[in-house]
Amino acid sequence: MSELTSMMNIGKEMKRKLTTVGISSPEELIQLGAKQAFLRLKQTYPNICLVHLYTLEGAIHNIKYNCLSEDKKKELKEFSEFCKY
C-alpha cells in the first residue's frame, strides 16, 4: 500500500485529515472518490473549502488541482455549494 503523500496535491496536513476520517491509502481515496472523501472531511472539518475538493480530485487523477478542466471545476463547485445546506 502506498502513502497518501505519494499522490499529487496531498501533503502532510491533508494526509493527516484524510487519515482522521478513515482514508489511509491512495487506493482507499480512489475507491471512495473525491466527492465522498470531501463529505467525510466536511463532517469533521466544517471549514474545508472548494480547493480541498479540487485537491482530492486532482490527486485521484494525478494532476495538479489547478489544472482540472473548467467543466470539472464547475461540477465540483456545484457539488460543494450543495454540501453547504
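Everything numeric here is computed off the predicted structure, so don't read it as measured data.
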Is there side-chain contact between Phe38 and Leu76, with heavy atoms separated by less than 4.5 Å? no
Distance (rounded to the nearest 0.5 Å) between [X] [atom1] and [Y] [atom2]:
X	Y	atom1	atom2	result
Leu41	Asn47	CG	CG	12.5 Å
Leu39	Phe79	CG	CZ	4.0 Å
Leu4	Ser25	CG	OG	6.5 Å
Ile48	Met14	CD1	CE	6.5 Å
Met7	Ile30	CE	CD1	4.5 Å
Ile23	Leu32	CD1	CG	5.0 Å

Ignoring hydrogens, what is the shortest heavy-atom contact between [X] and [Y]? Give both atom names and the distance.
X	Y	value
Pro26	Glu3	CG-O, 3.4 Å
Thr19	Ser24	OG1-CA, 4.5 Å
Pro46	Thr44	CD-O, 3.4 Å

Are the side chain of [X] and the backbone of [Y] linked by a donor-acceptor contact shorter than 3.5 Å?
X	Y	answer
Thr55	Val51	yes
Asn9	Leu56	no
Lys77	Leu50	no

Residues Lys17, His52; criterion side-chain contact (heavy atoms from CB on, under 4.5 Å); working and verdict: CA-CA 11 Å; Lys17 288 179 178 176; His52 291 90; 4.3 Å; yes
Test side-chain contact (heavy atoms from CB on, under 4.5 Å) applied to Lys15 and Lys12, step by step: CA-CA 5 Å; Lys15 175 189 173 186; Lys12 290 178 184 180; 5.6 Å; no
Could you tell me whether Glu75 atom CD has more than 12 heavy atoms of other residues or ligands within 6.0 Å of it? yes
